[in-house]
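The structure displayed is predicted, hence computed values, not measured ones. Values below: every heavy atom of this structure, side chains too, minus hydrogens, waters and symmetry copies.
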Amino acid sequence: MNMRPSNSPPSPLRPLIASLVAALLVGTLAGCAGSGKRAAKPDTEPTLKSLAGRKVEVAPDKGIEGSEEKAIAAYRKFLEVAPSAPQRAEAMKRLGDLEMDSVDRRLADGKEGAGTQLPSGAPDYRAAIARYQAYLLAYPKAQGNDRVLYQLARAQEQGGELEAALRTLDRLVVEYPQTALRDEAQFRRGELLFTTRDYARAQQAYTLVLKGEAGNRYRDRALYMQGWSLFKQGQLEEGLKSFFGVLDIKVADLGPAAEAEGGLDALPGLSRADRELVEDTFRVTSLSLANLQGAESIPPYIDSPARKRYEFRVYQQLGELYIKQDRTKDAADTFGAFARRQPLHAQAPVLQARVIEIYQAQGFATLALEAKKDYVSRYGVDGEFRRANPQGWSKAQPLVKTHLAELARHYHATAQKSHAKADVQEAVRWYRSYLVSFPNEPEAATSNFLLAELLFEDKQFLEAATEYEKSAYGYPRHAKSADAGYAALLAYAAQEKQTAAAELPALQKTGVESALRFAKANPTDPRTGSVLTNAAERLYALKDGEGAATVARQVLALAPPAAPAQKRVAWTVLAHTAFERGAFAEAEKSYAEVLALTPEKDAGRNELVERLAASVYKQGEQARAEGKARDAVDHFARIASVAPASAVRATAQYDAAAALIGLKDWDGAARTLEDFRQRYPNHALKDEVGPKLALVYLEQGNWSQAAGEFERVAATSKDPRLARESLWQAAELHEKASLKSGSRAAATKAWERYLKQYPQPFEPALEARSHMARLAKLDGNAARELALQKEIFQADQGAGSARTPRSRTLGATAALAMAAPAFDEYRKVALVEPLAKNLKLKKARMEEVLKAYAVAADYGVAEVTTASTYQTAAVYQDFGKALLTSQRPKKLSKVELEQYDVLLEEQAFPFEEKAIELHETNARRAAEGVYDPWVRSSFKALAVLRPVRYGKAERSEGVIDAIR
């Protein structure tokens, strides 16, 4: 093997040979000059004049003829005669290269002569080895010695001195770690170490190659040999990582071609060397996996999309190895493992087919049978594989068809012998699968009929009927079509005898459908008449409206005409089915036909009359549902003339009233409802009349009448909640009526009645008192109002945990209302003589008012708090103003009067400041989102009290900003 590095420098042979020849010539001439006497030389030197006329002819250069042998001899001669020449080092290196190249060439040409081989048979590189060693000894530190060491190692390896070659390569990588020959040297080390079975060190050497330059040409081979080194050490898992790395490079990089069907020889785009590498890598990979857990060891290594491209080949090659090793079961399991792991892969059917081939070839009939089942299950028409891989599915279908037919035949024959249920089921299963998968095959009709026969013999009558029908109607007409159709009816009849009552109607309906199908397909068959008659009766009994109506029309269309009794049945079926499908006008007409064919004294006539009335009623419901309310009213009213004695008449009148309400025909609705109440006082809907009349009266603005209806509901309802809510609604309506009439007695009594009957829940009862207080206020009954407000306040204060936000609001409002009389009493006190007495009284009244407003404010209800704050400020402002305007004592001098006024101003000032402070407190609430009339009133008061600050604000926002 030629181990010359690819990046070795150009050969200096020609210039060195030229210099050697020149040196030899000089020596030779010098030797000649030293022997004998010098001859006399005439003076014939050319002059300038003679030179000018001389003609010089230059002969072409014939070059220097040479060969490797001559070059080697020349270099050896040069080294002998020029021991100190500057070119000696280069000559020694070049001579070693020439001596090595000479052996390489002879080996390549097959011309190894005497002396070119050692007794061991190895090529004779001793001269080159000696030359390189001499050079290294003479020039141990010379530049380029890394190349010399490499050449020496190559010569040693070629000459069979493997250990010496390894030592030389070790020296090379140690002394020249950055040499450009590093990767190749490490690779050669790995090769030598592997040859000497030093697999651990070989692995390390190959690993160093892999850590070297990314594009070095030894990388792929080093990865492969790294795997082998690990394999030899028994490190199979680690070795597999390397082998999969090789496959990533050589196979995965082929792209989609890696997934193509076929063996490794089908892989495109590989050179002969690469193909051999791939084949051997798969071989050692399979050996490694076989020595581990077989197919179970593969998945952890398939960890990238690239490896998924050739994953199937890993399973395939492992399986083929098992076959060579006569491990049949392991081979089949391996092929099957891939099909299970990648069920949608295009090659999954190929590997699964190999499982069947293996079992059949080895005579494992049972296993082969199970494998066929697995195959058709995976790649049949209903499998996910068909949707995921249509092309692969299409290729698998011939085998699917073959296996399905074989499975069906096998189990059919077995069932005929054993009569075992399991065998029958298996045969049925595969027949059906065949028919679903290949319905258009010529054998399909025969298979279908055989399937039906098998099911009937096994007393699976319902399934047999289905298959008989397929035989009769699912294929082009054949000799057994009519018999198969009638056999289906027989199968349904047999099934009815062993069917539970709850399931019987559905079965009968199916049988009727089959009968109708038979009649349609065989109109001239003598059995068709009885089949149709039976079908009509059964559909009528089964309440299959559409089917029954269809058969009934066929009966009415028979020629010659059917008997009257048959027509009556047909018209009855048409009437019932029309009613059931909502064709109520048609039903009304059909029921009229039935009544015309029914004797007056027939026991079923009354029921037919009710059905007629119901048809009319349903027309009214339809019209109402379609938004045709007026038509609905007309239909409901028509029942009174069409069927006056029918039970549905009352309901129709009630619904007419409801429709009139929808039309906002309040007068018509009121008349209809009032008539209903009078005509049907004990009707089940009587309790529904009140609420509807209440609604009508509300729409008419008859508050008192509406309230009366709510009171009626409250008195008659058995639902306590509804009764309470109705009484509340009645009270509110009486109160609303009082606003119009001016008389509040009815409203007050209604609220009193509510409060008496429902003292609980607490909050509504408190609300009722609030309504009563408002009515008392409207009547001008201040004492009554105040008493009610006190009740509200006391009830809220004593409610404890029952208090609610609403009760607190009502309590706060009551507290505010209770403060008003105190405020009025305070304002009645005028500061006149006797001033001291009145001042004391006014101050005491003022304290009472402030306490009352403080109680209201303590509730924390915004609108009450702002009102209390404003009123409190007003009290302070009024008291200060009262002081300033109080009556002056008599007999005061002018000076005393002035002093008295100053004193009053000093006394009044704090009250005015307190008022301002409280108004500002109210005003600040605007920034919190509270801006009710009391806050606005505080702003107005501030504009008067402090006009400089508040009187110039054009917008409330400015004022709010000013007081922040």
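- Between Arg806 and Glu763 there is no salt bridge, since no side-chain N of the basic residue sits under 4.0 Å from a carboxylate O of the acidic one.
- Distance alone, capped at 3.5 Å, is enough to place a donor-acceptor pair between the Gln622 side chain and the Gly582 backbone.
- The residues Glu586 and Arg581 are annotated as salt-bridged, a charged nitrogen and a carboxylate oxygen being separated by less than 4.0 angstrom.
- A salt bridge between Glu825 and Lys842 is absent, with no side-chain N of the basic residue lying under 4.0 Å from a carboxylate O of the acidic one.
- For the residue pair Glu588 / Gln619, a side-chain donor-acceptor distance below 3.5 Å is found, with atom types taken as modelled.
- Put simply, the side chain of Glu912 never gets that close to the backbone of Gln877: no donor and acceptor are under 3.5 Å apart.
- Under the 4.0 Å criterion applied to side-chain N and carboxylate O atoms, Arg630 and Asp665 are assigned as salt-bridge partners.
- The OG1 atom of Thr813 sits 6.0 Å away from atom CD of Glu863, with the distance rounded to the nearest 0.5 Å.
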Report task. Begin from the C-alpha positions of Phe911 and Lys881 and carry the test side chain to side chain contact (heavy atoms under 4.5 Å, CB included) through to its verdict. Result -> CA-CA 9 Å; Phe911 291 99; Lys881 184 177 180 182; over 6 Å; no

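- Rounded to the nearest 0.5 Å, atoms CG (Leu693) and CZ (Arg677) are 5.0 Å apart.
- Between Tyr931 and Phe939, the two ring planes are tilted [angle within 30° to 60°].
- Looking at Ser590, its side chain never comes within 3.5 Å of a backbone N or O of Ala587 through a donor-acceptor pair.
- No side-chain heavy atom of Gln887 sits under 4.5 Å from any side-chain heavy atom of Leu835.
- Between Glu725 and Arg721, at least one side-chain N (NZ, or NE/NH1/NH2) sits under 4.0 Å from a carboxylate O, which counts as a salt bridge.
- Salt-bridge formation is detected for the pair Asp796/Arg803: a Lys NZ or Arg NE/NH1/NH2 atom is positioned less than 4.0 Å from an Asp or Glu carboxylate oxygen.
- With rounding to the nearest 0.5 angstrom, the OG1 atom of Thr804 is 9.0 Å from the CD atom of Glu767.
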Report task. May I have the step-by-step check of side chain to side chain contact (heavy atoms under 4.5 Å, CB included) for Glu732 and Trp703, ending in yes or no? Result -> CA-CA 9 Å; Glu732 285 188 329; Trp703 315 124; over 6 Å; no

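- Salt bridge present: Glu621 and Lys618 bring a charged side-chain N and a carboxylate O closer than 4.0 Å.
- Atom-to-atom distance recorded for Leu766:CG and Ile792:CD1 is 5.5 Å, nearest 0.5 angstrom.
- For Gln678, the CD atom counts as loosely surrounded, since its 6.0 Å shell holds 12 or fewer non-hydrogen atoms of other residues, nucleotides or ligands.
- A salt bridge links Arg784 to Glu752: at least one charged side-chain nitrogen sits closer than 4.0 Å to a carboxylate oxygen.
- Residues Pro644 and Ser641 share a closest heavy-atom pair of CD-O, 3.9 Å.
- Tyr900 OH: more than 12 foreign heavy atoms inside a 6.0 Å radius.
- The local environment of CD in Glu546 is sparse, with at most 12 non-hydrogen atoms from other residues, nucleotides or ligands closer than 6.0 Å.
- Put simply, the side chain of Gln760 gets close to the backbone of Phe762: a donor and an acceptor are under 3.5 Å apart.
- The backbone N or O of Ala776 sits nowhere less than 3.5 Å from a side-chain atom of Asn781 that would complete a donor-acceptor pair.
- In Arg827, the CZ atom is not crowded: 12 or fewer heavy atoms of neighbouring residues, nucleotides or ligands sit closer than 6.0 Å.
- A 4.5 Å side-chain heavy-atom check between Arg341 and Pro299 finds at least one atom pair inside the cut-off.
- A 6.0 Å sphere centred on CD of Glu607 holds no more than 12 heavy atoms belonging to other residues, nucleotides or ligands.
- Taking both residues in full, the closest heavy atoms of Ala623 and Asp631 are given as CB-CB, 3.9 Å, listed atom of the first, atom of the second, then distance.
- A salt bridge links Arg888 to Asp901: one of the charged nitrogens lies within less than 4.0 Å of a carboxylate oxygen.
- Counting only N and O atoms by type, the side chains of Thr866 and Asn922 include no donor and acceptor under 3.5 Å apart.
- For the pair Thr865/Tyr859, no side-chain contact is recorded, criterion being any heavy-atom separation below 4.5 Å from C-beta on.
- In this pair, Phe636 and Tyr617 present their aromatic rings tilted. The plane angle is within the 30 to 60° band.
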Requested in this report: Please assess His683 against Phe676 for the test ring pair (Phe, Tyr, Trp, His ring centres under 6.0 Å), listing each intermediate value before the final yes or no.
Outcome: CA-CA 9 Å; His683 196 276; Phe676 181 92; 5.3 Å; yes

Query - Full working for side chain to side chain contact (heavy atoms under 4.5 Å, CB included) between Phe879 and Tyr826 - result: CA-CA 10 Å; Phe879 191 83; Tyr826 155 78; 3.4 Å; yes

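- Between Pro889 and Leu892, the closest side-chain pair of non-hydrogen atoms falls below 4.5 Å.
- With hydrogens and angles left out, the side-chain atoms of His576 and Tyr591 include a donor and acceptor closer than 3.5 Å.
- The shortest heavy-atom contact between Ala645 and Glu610 is O-OE2, 4.2 Å.
- A donor atom on one side chain and an acceptor atom on the other are found under 3.5 Å apart for Arg925 and Thr869.
- With rounding to the nearest 0.5 Å, the separation of CD in Gln757 from CG in Leu727 is 5.5 Å.
- Using a 30° and 60° split on the angle between ring planes, Trp751 and Tyr754 fall in the perpendicular class, above 60°.
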Query raised in the report: For Phe823 and Met846, what are the C-alpha separation, side-chain angles and deciding distance, and is it a side chain to side chain contact (heavy atoms under 4.5 Å, CB included)?
Result: CA-CA 8 Å; Phe823 186 67; Met846 175 184 175; over 6 Å; no

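- For the residue pair Tyr950 / Glu920, a side-chain donor-acceptor distance below 3.5 Å is found, with atom types taken as modelled.
- The two residues Ala873 and Ala915 have their closest heavy-atom pair at O-CB, 3.3 Å.
- In this structure, OG in Ser938 is found 8.5 Å from CG in Asp932, a value given to the nearest 0.5 Å.
- Shown here for Asn838 and Ala830, the closest heavy-atom pair between the two residues is CB-O, 3.4 Å.
- Here the shortest heavy-atom pairing between Ala657 and Ala669 reads O-CB, 4.0 Å.
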